[in-house]
Amino acid sequence: MLTLSSMFPSTQQCGVAAGSRGACPPSPVQTAFFYISLYLVAIAQSGHKPCVQAFGADQFDATDPDEAPSRASFFNWWYFGLCGSATVTVALMSYVQDNVGWALGFGVPSMVMLLALAIFLLGTRTYRFYGSGGGSNGCAATFSLVGKAFVAWRKRSKGAWPELERGDGELAEDAMLAEEVNGLARLFPIWATCLLYGAVFAQPPTLFTKQAGTLDRRVGPSFQIPPAALQCFLGVSMVACIVLYDRVLVPVARRVSGVASGVTMLQRIGTGIALAMVTLVVAALVEMKRLRAARDAGPVDGGSGAAVPMSLWWIVPQYVLLGAADVFTMVGMQEFFYDQVPGALKSLGLALYLSVLGVGSFISSFLITVIDGITTRNGGTSWFADDLNRGHLDYFYLLLAALTSLELLAFTYFSTSYVYRTKAGNNH
């Protein structure tokens, strides 16, 4: 649908002044079709992303001594494939979209998704299915379990606790369900203290890209790198760090700590949050240098289209550092929320991890809106002015760094008192 939306000719009657370039505005129907397409992508991803990771991890038997370590590595290599493909896609599609057109830019991913669906269906006979057997009955059983668990938790909170022992000595179902609810409740502080990381994660495709668009991006005599293509450095950093983490850091840390995964899942997440704070400080310092270069080059009245005499390589370190932070935090959150929810709710656990990114994007938008309103009051200049040479992205990055340091303190407080739900080898 996105491909079609970019191919529809405008039905609006419009004229273009002689000698000027312009495009006819889209009709209301075209605009509605475009936004429906975007929201369909979001809805599709909300079903695909959490379930495909949970389903992939389910292919490994956690009770098998040979397969259990492989399941711990699955999330590393899952993210490796995701980052590798995204890096190639950003590099190629950003160039196609800038120089060829959006129809081909959307069309190629559409064909790739069709191929992915075919490959997925070809593997149907080899997949392992656990739990209630899947299908609509499995889905109904899962939501029934959630409802029963909530009722059991309310009974416990009111003191109406049933007998823990039945006649045959089995633990009462209400007691087990209430414990599951308590386990989910213990996840909430960890989830909440990761939300700001979602705001940091939103910066590369937005403000980092806008910042890169002002730099000298020439490579060779005539080629110029598209600003969005600089996100490739983020992907390359992730791919390299995943290999180093899984093949170098984990074996060394395993010998030191005695933990099967080298470090616990919460230690991994905390390390990533600390790296994100360092990334924001570096980004602020680079922006300060960019503003000095713009001032030294002359008046800033040249507009946002004028490139600052500063090489694109100055902005690369913040992409590389954030890529390393993602390997710790993002993969750590995937494994943590998958491992720490009841068996029937694994995809819900991964949806919690994905919601960190969604809520974090809203937090970033909220901060930008509030700061923009405050800084433009009484005729002031916004930190996010269209002409970045007049703005102050460095202030915003420092503010995010300060908030991230507070987030790290809160995360450390809650993670040190967290008791893991299971006693898997990587959670001791």
Side-chain angles (χ1 to χ4, degrees), residues 82-83 86-91 93-95 97-98 196-219 224-241 272-273 275-294 304-305 307-308 310-330 356-358 360-369 371-372 382-404:
L82 195 67
C83 296
T87 300
V88 174
T89 301
V90 168
M93 289 299 99
S94 61
Y95 180 82
Q97 290 162 358
D98 277 5
L196 198 62
Y197 189 86
V200 179
F201 187 82
Q203 303 314 310
T206 53
L207 294 182
F208 280 17
T209 299
K210 189 174 181 180
Q211 191 181 9
T214 67
L215 300 178
D216 183 358
R217 293 170 281 108
R218 292 173 296 175
V219 177
Q224 182 165 270
I225 299 176
L230 290 178
Q231 293 177 68
C232 290
F233 292 108
L234 186 71
V236 170
S237 173
M238 290 178 186
V239 168
C241 289
I273 295 175
L275 280 173
M277 181 177 63
V278 174
T279 301
L280 291 166
V281 173
V282 170
L285 293 175
V286 170
E287 177 63 8
M288 291 175 187
K289 177 175 177 57
R290 193 195 66 80
L291 289 173
R292 285 197 301 270
S304 58
V308 174
M310 178 174 164
S311 171
L312 65 91
W313 301 110
W314 281 97
I315 204 173
V316 170
Q318 64 199 59
Y319 284 98
V320 173
L321 283 171
L322 190 57
D326 284 347
V327 170
F328 283 89
T329 301
M330 301 295 289
V356 168
L357 307 184
S361 293
F362 282 116
I363 292 174
S364 177
S365 298
F366 173 76
L367 289 173
I368 289 173
T369 301
I371 293 170
D372 185 68
S382 172
W383 288 4
F384 314 100
D386 288 337
D387 182 357
L388 287 187
N389 296 340
R390 293 185 175 277
H392 271 294
L393 288 185
D394 51 339
Y395 292 171
F396 181 65
Y397 292 151
L398 289 175
L399 173 63
L400 277 182
L403 293 175
T404 302

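- You'll find the side chain of L291 reaches within 4.5 Å of the side chain of H392, heavy atoms only.
- With hydrogens and angles disregarded, a donor-acceptor distance shorter than 3.5 Å links the side chain of T329 to the backbone of I273.
- Checking side-chain atoms of S361 against main-chain N and O of A199 turns up no donor-acceptor pair under 3.5 Å.
- When every heavy atom of S237 is checked against every heavy atom of A324, the shortest pair comes out as OG-N, 3.5 Å.
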Show the numbers, then the answer: is there a side-chain contact (heavy atoms from CB on, under 4.5 Å) between M330 and L357?
CA-CA 10 Å; M330 301 295 289; L357 307 184; 3.4 Å; yes
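- In plain terms, the two heavy atoms of V308 and A293 that are nearest each other are CG1-CB, 3.7 Å.
- Of all the heavy atoms in Y319 and Q231, the pair that sits closest is CE2-CA, 4.0 Å.
- Scanning all heavy atoms of the two residues, the minimum distance from L234 to G323 falls at CD1-N, 3.4 Å.
- In this structure, the side chain of R217 does not engage the main chain of L312 through any donor-acceptor pair within 3.5 Å.
- The distance from atom CG of L321 to atom CG of D326, rounded to the nearest 0.5 Å, is 11.0 Å.
- Of the inter-residue distances, the one linking L367 atom CG with L403 atom CG reads 6.5 Å to the nearest 0.5 angstrom.
- Taking CG from D216 and CH2 from W313, the interatomic distance works out to 11.5 Å, rounded to the nearest 0.5 Å.
- Here the CD-OH distance, from Q203 to Y397, works out to 6.0 Å after rounding to the nearest 0.5 Å.
- With contacts defined as side-chain heavy-atom distances shorter than 4.5 Å, the pair K210/D386 qualifies.
- Side chains of L215 and I315 form a contact here, defined as non-hydrogen atoms less than 4.5 Å apart.
- You'll find the ring centres of F396 and W383 outside the 6.0 Å limit.
- Separating the CZ atom in F208 from the OG1 atom in T206 is a distance of 8.0 Å, to the nearest 0.5 Å.
- The nearest pair of heavy atoms linking Y197 to A276 is CE1-CB, 3.5 Å.
- Residues L399 and I371 meet the side-chain proximity criterion, which asks for heavy atoms closer than 4.5 Å.
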Kindly list each side-chain donor-acceptor pair under 3.5 angstrom involving residues 280-287, sequence neighbours excluded, with atom names and distances?
unit_1	atom_1	unit_2	atom_2	d
E287	OE1	Q211	NE2	2.9
E287	OE1	R290	NE	2.9
E287	OE2	R290	NE	3.4
E287	OE2	R290	NH2	2.9

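- Side chain of T369 to main chain of S365: a donor-acceptor pair is present (N/O by atom type, distance under 3.5 Å, no hydrogens or angles).
- When all heavy atoms of P204 and T209 are compared, the closest pair comes out as O-OG1, 2.7 Å.
- Atom CG of residue L388 and atom CG of residue L207 lie 8.0 Å apart, to the nearest 0.5 angstrom.
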